[in-house]
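I have placed the structure first, in the form of structure tokens, so that the comments after it can refer back to it.
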Protein chains: 2
Amino acid sequence: MKKNRSNEIEIVVIDDEQDVLELIEYILAKEGYKATGFLSTDYVEQFLEEENPAFLIVDRNLPGMEGSQFVSHLRSKGYELPVIFLTAKDGDKDILDGFEAGGDDYMTKPFKPQELVARIKALLKRSGIIQYNKLRYRDMVLDCQKQELNVDNSQVSLTNLEFKLLTTFIKNSHQTLSRDFLRDEVWEDDGSFNDKTINVALNRLKKKIDPLDRKHYFTPVWGVGYKLS
Amino acid sequence: MKKNRSNEIEIVVIDDEQDVLELIEYILAKEGYKATGFLSTDYVEQFLEEENPAFLIVDRNLPGMEGSQFVSHLRSKGYELPVIFLTAKDGDKDILDGFEAGGDDYMTKPFKPQELVARIKALLKRSGIIQYNKLRYRDMVLDCQKQELNVDNSQVSLTNLEFKLLTTFIKNSHQTLSRDFLRDEVWEDDGSFNDKTINVALNRLKKKIDPLDRKHYFTPVWGVGYKLS
DNA sequence: GACATTGTTATCAAAATGTTTCTTTTCTGA
DNA sequence: TCAGAAAAGAAACATTTTGATAACAATGTC
């Protein structure tokens with residue numbers, strides 16, 4: 001029901017061989033994905049419903065329900081998450097069956113880990129799950145598409161102005177930003193402009209992203225402006 | 001950036017061997033696609049600009065510019081159309097290069113025509129060029145052919161506009177949709193357009209699918225638009 | 001014409017942003 | 001070092017912008 005709180009992309013892997021499962025989980029973990037393995041299709045649907053993972057990697061020879069049948073079933077239920085088949089079944093007909101069932105890609109075992117990762121990435125990109133407009137500073141991650149900020153893996157909601165302000169600072173993290181610069185860049189100077197507007201805006205931002213003032217993201221530069229620290 | 005007027009999906013194929021080109025064109029035509037072949041990357045960019053085809057199939061060993069280089073170039077220019085590499089270059093490194101350059105899929109020659117077609121279809125579906133039959137989000141299931149919505153297993157009737165709106169949100173469930181985007185996508189901007197039209201339409205939709213406002217499917221993003229939650 | 005759909009307008013509420021005032025901090029020079 | 005000036009912070013208030021909602025008008029459909 002709810003998306004993962006953290007920024008991690010969650011991938012479900014279904015394979016009946018424990019060691020293959022572990023290998024894949026290891027590969028995915030190394031790439032920064034959160035992998036959840038299943039030895040059969042049992043409970044997977046329930047898991048999808050509850051956790052809403054981003055991606056599915058599925059073998060075809062599974063106990064109980066065959067992999068492509070399972071995917072077909074999911075599709076008929078309206079699940080549209082990207083699916084890669086990863087299986088020893090490598091006949092021409094098998095591959096076509098996989099796509100017919102609603103798979104997005106089909107890889108045969110044995111497989112190259114790097115190719116699996118590349119294909120996953122391509123699909124995540126194509127499905128719009130990966131976004132590139134991300135900015136990072138210390139433990140902050142800004143998602144420019146969603147206008148969202150994560151600080152230390154918990155979401156902080158920012159207003160447009162605050163977002164623009166923070167973006168400007170992170171894009172220029174190496175230098176002190178003068179009030180003049182900020183006025184030009186963030187506010188698009190409408191002439192009349194109160195001295196304190198910038199101060200107030202910045203302090204509101206500070207309070208939102210670090211309410212307890214423990215992290216001191218911003219340092220005032222006396223008589224000039226502010227810089228990230 | 002608008003789709004071809006006709007119903008046909010237009011696919012560009014680049015391959016320096018005339019007979020391979022013709023074979024692929026033949027395969028695609030038989031599947032009902034409109035194929036346009038090129039023997040090199042020359043003029044392809046111009047063609048993309050003018051015709052805005054839906055899909056690109058590209059060889060790697062091309063006279064002039066190498067295939068992956070060309071794709072990389074297109075990506076950097078902002079072309080987002082799906083790309084399949086279809087090439088004899090089958091080394092591990094080659095495949096990774098292909099994905100690195102921005103390819104969506106990678107097939108090696110010799111290839112099975114049916115597999116090519118299956119991969120094209122999968123990608124067209126995933127890119128939203130072909131419609132899905134069903135979409136799901138939380139406890140909502142949309143049947144796009146019947147224009148029907150089921151929420152928590154009971155049917156809710158939606159108007160065309162409402163259906164299109166909801167579909168757009170579910171297809172882009174991972175990001176905030178700005179009013180500009182919605183205007184382009186759902187209404188096809190007739191120029192005069194009241195600010196509040198979108199608000200009203202969305203609130204009507206909200207009320208229909210969740211009359212008691214218990215589920216909070218939509219979250220307004222202040223000053224921007226809405227997102228699914 | 002009756003009805004459903006969609007767009008428009010008006011009103012209110014909420015959120016964001018700007019302004020003012022006062023307090024606190026920081027810097028400077030005697 | 002300390003007093004005073006200048007700058008920044010904080011809180012309260014004011015203004016503006018935006019969103020929700022309802023009522024109404026326009027449009028299209030049968």
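To find a chain, count down the sequence lines: A is the first, B the second, and so on, and within it residues start at 1.
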For atom CD of A:E162 and atom P of C:dT17, their distance in whole Å: 6 Å

Between P of D:dT18 and CG of A:L161, the distance in whole Å: 13 Å

Euclidean distance, atom CG of residue A:D195 to atom P of C:dG18 [Å, nearest integer]: 14 Å

Parallel, tilted or perpendicular, as decided by the 30° and 60° cut-offs, for the rings of A:F85 and A:Y106: tilted

Spacing between B:E188 atom CD and C:dT6 atom C1', to the nearest angstrom: 15 Å

Audit row: B:F55, B:E10, side-chain contact (heavy atoms from CB on, under 4.5 Å) steps and yes/no: CA-CA 7 Å; B:F55 205 97; B:E10 186 164 11; over 6 Å; no

Rounded distance in Å - CG (A:N199) to P (C:dT25): 16 Å

OP1 or OP2 of C:dT9 under 4.0 Å from side-chain N/O of B:N194: yes

Under-4.0 Å side-chain N/O to phosphate OP1/OP2 contact, B:K206 with D:dT21: no

Nearest-angstrom distance from the residue atom CG of B:D213 to P of D:dT21: 7 Å

Side-chain ion pair, B:D139 and B:K215, N-O less than 4.0 Å: yes

From D:dG9, D:dC13, C:dG7, nucleotide with atom closest to A:Y226 side chain: D:dG9

Donor-acceptor pair under 3.5 Å, B:R179 side chain vs D:dG19 base: no

5'-most by nearest nucleotide on DNA chain C - B:N160 or A:L158: B:N160

Atom pair distance, as rounded to whole Å: NZ in B:K196 and C1' in D:dA25: 17 Å

A:K207 or A:V224, whichever maps to the more 5' nucleotide of DNA chain D: A:V224

Distance-only donor-acceptor test (3.5 Å): side chain A:R204, base C:dG18: yes

Of B:T159 and B:W222, the one whose closest DNA chain C nucleotide lies more 5': B:T159

Centroid-centroid under 6.0 Å between A:F38 and A:Y43 rings: no

Atom pair distance, as rounded to whole Å: CD1 in B:I198 and P in D:dA20: 12 Å

A:T197 vs C:dT19: side-chain N/O to OP1/OP2 distance below 4.0 Å: yes

Partner of A:L56 by side chain to side chain contact (heavy atoms under 4.5 Å, CB included), out of A:I84, A:I14, A:I11, A:D104: A:I14

